[in-house]
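As the structure is a computational prediction, the values presented were derived from the model and not from experiment. Every chain is numbered from 1 and lettered A, B, ... according to where its sequence line falls, protein lines coming before strand lines.
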There are 2 protein chains.
Amino acid sequence: MTVIDMHAHFVPREWPDLAARFGGADWPGIRHTAPGKAMLLLGEREFRPVHSALWDAGERLAAMDRDGIDIQVLCATPFLFGYQRTPEQALGAARIFNDAALELCAQAAGANAGRLKSLCQVPLQATDAACAELSRCMQAGHSGVQIGNHVGVRNLDDEGIVTFLQHCAAENAAVLVHPWDMMAADRTRQYMMGWTVGMPAETQLAIVSMILGGAFDRLPPSLRICFAHGGGSFAFLLGRLENAWHNRDIARGKSEHPPSHYCDRFSVDSAVFDQRALRLLIEVMGEDRVMLGSDTPFPLGELSVGKLVRESAMTAAGQAKVMGGNAARFFGI
Amino acid sequence: MTVIDMHAHFVPREWPDLAARFGGADWPGIRHTAPGKAMLLLGEREFRPVHSALWDAGERLAAMDRDGIDIQVLCATPFLFGYQRTPEQALGAARIFNDAALELCAQAAGANAGRLKSLCQVPLQATDAACAELSRCMQAGHSGVQIGNHVGVRNLDDEGIVTFLQHCAAENAAVLVHPWDMMAADRTRQYMMGWTVGMPAETQLAIVSMILGGAFDRLPPSLRICFAHGGGSFAFLLGRLENAWHNRDIARGKSEHPPSHYCDRFSVDSAVFDQRALRLLIEVMGEDRVMLGSDTPFPLGELSVGKLVRESAMTAAGQAKVMGGNAARFFGI
């Protein structure tokens with residue numbers, strides 16, 4: 001069994017001064033503060049302390065060895081998306097981070113060759129530019145793309161985003177949807193509630209808007225799309241959504257079928273941190289639609305990658321799917 | 001076994017012109033459109049079609065008989081809260097709706113006497129006025145109070161709201177927290193996503209902010225507080241919250257203990273519309289902390305009240321608690 005962790009993040013060790021290169025203010029930056037330690041910056045403002053596991057391939061591979069992970073699929077963090085920039089700015093920054101991702105993966109050489117795979121990022125605010133960068137990246141060796149769960153007020157059923165997703169299907173690019181730019185920021189500033197409240201709500205909104213907005217009805221079943229953090233709160237709230245769909249006409253939106261009908265059109269990762277939640281997730285999504293994803297190396301990820309699934313009551317066959325079989329199919333590994 | 005539905009809504013058949021009485025615009029109103037049918041209004045704008053089950057005690061009792069419900073605890077809808085008004089305006093409106101609730105309950109007479117109980121509403125934006133109206137209502141015969149899950153940017157760990165909740169404990173008033181004024185309104189306008197995405201996220205935020213903001217540490221264990229719609233997405237997301245608490249200092253807020261420690265400090269209703277979700281809810285909250293609540297007579301409620309619990313795999317003893325035993329203790333019935 002090839003064990004695949006399909007949700008892991010990176011940032012490059014360093015990157016050019018994006019404000020100097022592209023104009024505009026408050027670009028993401030990084031300031032190294034001590035050996036193995038750095039501070040992510042937004043302009044001059046400190047955003048988040050980080051450490052070398054984010055940019056050091058050797059450290060990353062050692063952690064994978066420790067946890068019994070054969071392959072890791074890494075992507076940048078939403079912090080680097082730039083969806084609020086001009087298309088030219090966002091595309092320029094995306095190229096830098098996308099090429100850096102491939103360089104990081106290439107550092108896994110010799111016996112480790114092929115153990116690091118990457119997802120690119122695109123200027124999702126500009127459909128044509130996003131499609132072009134996706135095509136460039138797939139040719140360059142990326143395994144797919146990570147996108148944010150919305151662009152400003154545009155949910156994932158937005159026409160331009162659906163066009164991009166159709167392009168992903170045509171390019172055979174796997175899609176990971178990650179929450180970002182979280183709702184209710186004025187009430188979740190404290191205690192990381194943006195991560196524990198905002199993110200799962202964002203992800204649920206992404207799935208619900210794709211269902212009710214008719215996006216899945218317009219997209220080919222061949223599209224491989226996965227939602228981070230176990231799909232946010234979607235699986236638990238499906239009953240509420242389904243009840244609304246059946247009992248209130250305006251709760252149906254443009255969807256052709258009840259919400260549960262669409263559960264075989266997307267996947268989720270396993271990052272739910274609780275056996276009871278994992279069981280519900282498997283029950284709702286099916287064991288073919290849940291993939292090991294750790295959110296490593298961030299502290300809100302699974303610190304011992306794969307522990308939750310390995311210690312679950314799933315059958316051995318089910319575990320094998322979740323630990324790697326599903327991801328191998330999803331990413332064409 | 002006395003079966004109690006502890007989450008049901010009412011509006012009076014009619015009420016005074018609140019703009020004329022209190023000043024200000026866009027007050028809630030009701031316009032009867034046909035026998036048994038009406039439109040709720042915000043000022044002149046149509047808000048929601050409703051029907052006579054909301055204000056007709058006879059119809060309500062007949063529905064309860066049909067579903068085998070002995071007692072129903074009703075409350076107004078958040079539409080009537082008025083938290084954005086001046087304290088005087090909100091208090092004046094609250095008095096009208098609180099007295100109307102008691103009148104509706106009193107219509108259950110003779111053999112039906114005592115089958116309808118009510119929760120009051122208060123001007124939660126003004127702590128002193130809220131405490132005074134709560135005391136008046138408890139003396140007048142209400143069983144407790146329904147509050148919204150936030151007041152503007154103030155979550156439930158806000159000092160004034162905690163003071164109000166301390167007063168509820170002192171007055172022996174049960175509290176039902178209902179989501180309202182939902183987050184991400186600019187992205188959930190369509191397809192009732194305010195109800196299916198916004199509401200459960202609001203309720204989870206309410207619980208999380210009470211835990212991490214240290215509200216439960218400051219409130220007496222005697223406070224009886226219940227969160228609507230199965231506590232929103234809280235039960236499913238507890239693992240994520242717990243993982244964050246243990247691994248990131250700033251995710252702990254002011255809480256003295258990990259989030260799971262506080263699950264015995266509050267209750268939730270059973271309105272989750274899915275057996276798998278109900279099972280998770282019982283596992284996380286315990287069968288002493290889930291109470292039958294239907295959200296009737298709204299179309300997003302449980303149309304056949306109690307069906308989900310009755311058809312669940314719970315033990316008979318567990319079902320008896322959820323169907324009425326827990327609520328009898330919670331409301332002192």
Engaged part of [X] at the chain A interface, taking heavy atoms whose separation is under 4.5 Å:
| X | result |
| --- | --- |
| B:L238 | side chain |
| B:H229 | side chain |
| B:Q275 | neither |
| B:L212 | both |

Under 4.5 Å from any heavy atom of chain B, what part of [X] do you find: side chain, backbone, both or neither?
| X | result |
| --- | --- |
| A:L303 | side chain |
| A:E242 | neither |
| A:H246 | neither |
| A:D157 | side chain |
| A:L300 | both |
| A:I250 | both |
| A:L278 | neither |

Taking every heavy-atom pair that is under 4.5 Å apart, which of [options] has the most such pairs with chain A?
| options | answer |
| --- | --- |
| B:L205, B:D186, B:L281 | B:L205 |
| B:L308, B:V284, B:L241, B:D274 | B:V284 |
| B:R252, B:E302, B:E202 | B:E202 |
| B:G152, B:S255, B:P299 | B:P299 |

After noting the C-alpha distance and the side-chain angles of B:R218 and B:E256, does the key distance pass the salt bridge (charged side-chain N to carboxylate O under 4.0 Å, His left out) rule? CA-CA 10 Å; B:R218 285 177 280 155; B:E256 294 175 6; over 6 Å; no

Within 45 degrees of the ring normal and closer than 6.0 Å to the centroid, is that where the cationic atom of B:R154 sits relative to B:Y83? no

Counting only N and O atoms by type, is there a donor-acceptor contact under 3.5 Å from the side chain of [X] to the main-chain atoms of [Y]?
| X | Y | value |
| --- | --- | --- |
| A:T203 | A:P200 | no |
| B:E59 | B:A53 | yes |
| A:R248 | B:F298 | no |
| B:R187 | A:N155 | no |

Evaluate the criterion side-chain contact (heavy atoms from CB on, under 4.5 Å) for residue pair A:M291 and A:V322; output intermediate values, then yes/no. CA-CA 5 Å; A:M291 301 186 281; A:V322 174; 6.0 Å; no

Assess, by modelled atom type and distance only, whether the side chains of B:D295 and B:H9 contain a donor and an acceptor separated by less than 3.5 Å. yes

Consider only side-chain N and O atoms of B:S294 and B:D5, and report whether a donor and an acceptor are under 3.5 Å apart. yes

Heavy-atom side-chain proximity of A:M182 to A:V197 below 4.5 angstrom: no

Decide yes or no for A:K254 and A:D217: does some side-chain heavy atom of the first lie under 4.5 Å from some side-chain heavy atom of the second? no

Choice from [options] maximising heavy atom contacts with chain B below 4.5 Å:
| options | value |
| --- | --- |
| A:T196, A:N243, A:V272, A:D249 | A:N243 |
| A:A235, A:A251, A:A201 | A:A251 |
| A:R240, A:M192, A:E283 | A:R240 |
| A:A185, A:G232, A:A271 | A:G232 |

Between A:F266 and A:F234, does the ring centre distance come in under 6.0 Å? yes

